[in-house]
Structure formats: C-alpha cells, structure tokens
Amino acid sequence: MLPGIDAIAFSTSKYFLNLEMLAEHRNVTYAKYYSGIGQTRMSVFPPNEDIVTVGIEAARKAMVFVEDKNDVDILIFATESSFDLSKSAGIYVHNFLKLKEDCRVFDLKQACYSATAALQLAKSYVMENPRSKVLVVGSDIIRYPPGSSGEPTQGGAAVAFVVSQNPRILGIEPYFGVHTYDIMDFWRPAYLNEALFDGKLSAYNYLKSTDICVERYFKNSNLEISDINHACFHAPFGKMAIKANNQSLKCESIDQTLIYNSIIGNSCSASLFICFISLLDHLKSDLTGNRIGFFSYGSGSVAEFFSGIVSADYRKMMSTADNQAMISDRFEISFPEYELISGNALHDFDRYKNIGSVTLAGIDHNKRDYRTVSL
Ligand code: HMG
C-alpha cells in the first residue's frame, strides 16, 4: 500500500465578487476574464476571516474522518500569506482542533508549492512511523494592486488533508520530477499586503517548469503519458492550467479540475489540491485505481510533477454535497465594498457572517483574537 491522502476538505470565504463587476469598473471586456483567463468570480475575505479561520474550517472538516485525533503527530501549515513572521499560524489550528500537546506544529513557505512540500515530507514521516498521521493545512489569500493584470486572478481558500500509511483517497507514488530555479516572477516583501509580479515572465516560467518536471518524472518512473489517467495543475487562473495541460499531458478531464477554482480564484498553496477535490466531485466515472498526475508550481521558483493512485474507498470519503453547498451559500459583495475590504479600510469585525466555527473577533495590541461561534 502506498502512503498518501486519507481525508481531504477545503473551505473558502463566505463572500465573493462577481468578475463582471470588476470588468465594468476596470473598463475591460468581461469575455477577457471568463474566456481569456478562465475566471468568473473571486473569493473576498472580510476583516473577520483570514488564513487561520478558513484553515481551521478546512481542518475541522477533514478531521471528521479521523477516528482518533491523538494519532496526529505533526501539523504543517503551508502558506505564503502569513501575518506573523514568528508564530506559526498552525498553532491556532492546533488549539481550536484540540490536538494533543505532544504534536509538532510549524509553518512551511515556498509560494504556491508549500503544501506539496508538506505532502512529501508527511509521506516520508508516516512511512517511518506507520501508526502516525500528519495533518497538512494549505491556506492562502492573494491580493494584487488594484487595476493590475493580476487583480482578476485574486482569491483565497484553505485545503486540509490527513496523510497516513493506509490512505482511503490517494496513495502517493515514489516517482517525481522536481525543478528549482531562481527567478523574480512573483514575490511579496514582508512589509507589503499585495504581491509584486511580472505576469508574463511568471506564465513563461510556469510552462517551462511544466515541461522540465514532466520530462524528469517520466525519466524517473519509466511510465508513459498514456499511463496518466487524469491530471491536476496548480491553477493561478484556469487558462494557465489548461495551457500547461495542452502542452504536456493533454488529459481530457482538465475542465472538471477547474470548476471550484474558477469561482474562488487563486488559492496558492491550496489550489492544486482544490483542483483534485473538484475532479473527484465532478467526474462521474469511477476513479478507483486511476493514476492522477499533479503539477505544483510555486513562484520564485520550485515546481514538481508527481502522481498518485486513487484508493478503492475514495467515494466514502468525499463531501461533494457539502462542498457545493458551501460554494452556493456564499454572498455576493458590491464593488464599493470590495474596494473598502481590499484597501484594508474596514475594521468592523462584526459586520460579516463567518464561513465556519471560528471568527477573527478583533486585533488588540497586535494580538489576534480568534473566537468560537455557534454554527
Ligand atoms: P494580461 O496580460 O492582462 O492578459 O494578464 P493578456 O493580454 O495576456 O490576455 C489573457 C488572455 O485573454 C489571452 O489569451 C488573450 O488573448 C485573452 P492567451 O493568448 O493567453 O490564450 N483575451 C480575450 N479573450 C476573450 N475575449 C477578450 C479577450 N481579451 C484578451 N475580449 C497575466 C495575464 C498572466 C499576465 C495576468 O493574469 C497576471 O499577471 N497574473 C498574475 C500572475 C500569475 O498568475 N502568473 C501565473 C504563473 S505564476 C504562478 O502560478 C504562481 C502564483 O500562483 C504565485 C505563487 O506561486 O505564489 C501566481
């Protein structure tokens, strides 16, 4: 049996902006957004939601499938949008989930690649410690300067997955193709809220890295393209994943992987795994035994192509109806409200509904005050 993903769930903000509104206010044809880049909505995070609140919500849903939470020996919080350069965001998750005290908790960063790094580390750990489980939370919110080419690709969400030795969803194979290359395509200095980027250079390096990683993967594995049944690509916007698929694997199911992403926006570390959930939730055929290819890309840059085999019990582990309800129950915000939120001009923590069981109630003396709310 291959070690891998035993349970998986995601969460996003309760609020979204319709990109038709953005197009109107930025004087852009809406067709450029929905057809040219493949996005129709973006998640917008009000003051009471952040990477911790959505991270807790995703983790709470994934942990429902874990019989004994004391089996979780490590919690890794993968993010590039942390608000604290010292304390791990994972410690808040550890507290609200009431995980045991002798559990290692730390954050991991390498742009959108970090949850993949966490998965590979967790896999090695559970191979050495067969009774252990590792909880990985990938949570990000991405903001670009208003009016920039990146703005319609903004978004945010969290994914949480439990890694175990006998996974009920996906066994991770030992093959991979990795590529690390120093490039200034996208970066966010610690003192800025918005990312800086060279959009065209980033898209170029993403596609170049796809080719290199896929080639290395096939060389290492002795497999062929026809051995990959479906593929998920990191999706900064849908069209990027479609282009990467067209130039490499040409898998037919790519559209099903992008359904959630097109209405959430870029969720960075969570994006690749939300594409996987989207595939499981939307593809009608039985995926048992299928090989799924995964392309992870984190600007800066580190990229990896790896694969997994879908377990026989995966359908019992899905929360398709809950995922679809979470997405359809979101509230649309107006453009002026979007501008206030993204300009950090709103400090009214009580004004908005919360997606889950924990809210950011306020920030006092630079200390974040997270509180449980009744569902
Ligand atoms: P742009 O330069 O404004 O767009 O933004 P464009 O002019 O290249 O047009 C985009 C597409 O829309 C083109 O299609 C146009 O033809 C089409 P393509 O040639 O690409 O097939 N188009 C239209 N289609 C229909 N009707 C119309 C119309 N007009 C144009 N009327 C850009 C594109 C990528 C630069 C922008 O989205 C951007 O800057 N994004 C932010 C950076 C990014 O997402 N990069 C992706 C790779 S890097 C990455 O994935 C890492 C990341 O997630 C961060 C991390 O790792 O932490 C970002």
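Not measured: the values here are computed from a predicted model. We count ligands from 1, going down the list as the structure has it; atoms in each ligand are counted the same way.
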Do me a favour and list the nearest non-hydrogen protein atom to atom 45 (N) of ligand 1 with residue, atom name and distance?
Ser202 OG, 2.8 Å
Quick test: of every protein heavy atom, which one is nearest to atom 19 (O) of ligand 1, and how far off is it to 0.1 Å?
Lys243 NZ, 4.2 Å
Could you say whether the N/O atoms of His234 and ligand 1 ever approach to under 3.5 Å?
yes
Using the ring of each side chain (for Trp, its six-membered ring), is His179 parallel, tilted or perpendicular to Tyr181, with breaks at 30° and 60°?
parallel
Do protein heavy atoms approach atom 33 (C) of ligand 1 to less than 4.0 Å?
no
For atom 39 (O) of ligand 1, find the nearest protein heavy atom and state the residue, atom name and distance (0.1 Å precision).
Ser149 OG, 2.8 Å
Please confirm whether the backbone N or O of Thr372 pairs with a side-chain atom of Ser357, one donor and one acceptor, at under 3.5 Å?
no
Do the rings of Phe273 and Phe161 sit parallel, tilted or perpendicular, given the 30° and 60° boundaries?
tilted
Looking at atom 55 (C) of ligand 1, would you say a protein heavy atom lies below 4.0 Å from it?
yes
Show the atoms of ligand 1 that are less than 4.0 angstrom away from any heavy atom in Lys239.
21 (O)
Contact partition for Phe237 relative to ligand 1, non-hydrogen atoms under 4.0 Å
side chain
Considering the heavy atoms of Pro236, write down every atom of ligand 1 situated less than 4.0 Å from one of them.
44 (O), 46 (C), 50 (O), 53 (O)
Mind checking whether Tyr206 has an N or O less than 3.5 Å away from an N or O of ligand 1?
no
Polar-atom distance check: Cys112 versus ligand 1, any N or O pair below 3.5 Å?
yes
What protein heavy atom sits nearest atom 6 (P) of ligand 1, and how far away is it?
Lys200 NZ, 3.6 Å
Could you give the distance from CG (Asp198) to OG (Ser202), rounded to the nearest 0.5 Å?
7.0 Å
Phe305/Phe176 aromatic ring centres below 6.0 Å:
no
Please verify the inter-ring angle class for Tyr175 with Tyr217; under 30° counts as parallel, over 60° as perpendicular, anything in between as tilted.
perpendicular
Under 4.0 Å from any heavy atom of Asn266, which atoms of ligand 1 are there?
52 (C), 53 (O), 58 (C)
Which of the ligand 1 atoms, numbered from 1, are nearer than 4.0 Å to a heavy atom of Gly298:
56 (O)
For Tyr92 and Phe96, run ring pair (Phe, Tyr, Trp, His ring centres under 6.0 Å): C-alpha distance rounded to whole Å, both residues' side-chain angles, the deciding distance at 0.1 Å, then the answer.
CA-CA 6 Å; Tyr92 300 107; Phe96 276 91; 8.0 Å; no
Consider every N or O of Thr153 and every N or O of ligand 1, then say whether any pair is closer than 3.5 Å.
no
Of all the non-hydrogen atoms in the protein, which one sits nearest to atom 41 (C) of ligand 1, and at what distance?
Tyr144 OH, 3.5 Å
the protein heavy atom lying closest to atom 40 (N) of ligand 1 turns out to be Gly150 CA, 3.8 Å
Taking the inter-plane angle between the rings of Phe10 and Tyr260 on a 0 to 90° scale, is it parallel (under 30°), tilted (30 to 60°) or perpendicular (over 60°)?
tilted
Is the backbone N or O of Arg291 less than 3.5 Å from a side-chain atom of Asn229, with the two atoms forming a donor-acceptor pair by type?
yes
Less than 4.0 angstrom from a charged side-chain N to a carboxylate O is my criterion; do Glu151 and Arg26 meet it?
yes
Checking a contact table here: which protein heavy atom is nearest atom 23 (C) of ligand 1, and how many Å away?
Lys32 CA, 3.8 Å
Within the protein, is there a heavy atom lying under 4.0 Å from atom 15 (C) of ligand 1?
no
Any idea which atoms of ligand 1 are less than 4.0 Å away from a heavy-atom of Gly199?
35 (C), 39 (O)
Among non-hydrogen protein atoms, atom 57 (O) of ligand 1 lies closest to Glu80 OE2, 2.4 Å
Is there a donor-acceptor contact under 3.5 Å linking the side chains of Gln154 and Tyr338?
yes
Of all the heavy-atom pairs spanning Thr12 and Ile264, show the shortest one and how long it is.
OG1-CG2, 3.9 Å
If you count the atoms of ligand 1 from 1 in the order shown, which ones are under 4.0 Å from a heavy atom of Ala31?
25 (C), 26 (N)
Can you tell me how the ring of Tyr370 sits relative to the ring of Phe83, calling it parallel under 30°, perpendicular over 60° and tilted otherwise?
tilted
Using a strict 4.0 Å cut-off to heavy atoms of Gly36, name the atoms of ligand 1 that fall inside it.
11 (C), 12 (O), 17 (C), 24 (N)
Please could you name the atoms of ligand 1 that Ala111 approaches to less than 4.0 Å, counting only its heavy atoms?
55 (C), 56 (O), 57 (O)
Closer than 3.5 angstrom, by distance alone: can the side chain of Ser278 be matched with the main-chain N or O of Gln256 as a donor-acceptor pair?
yes
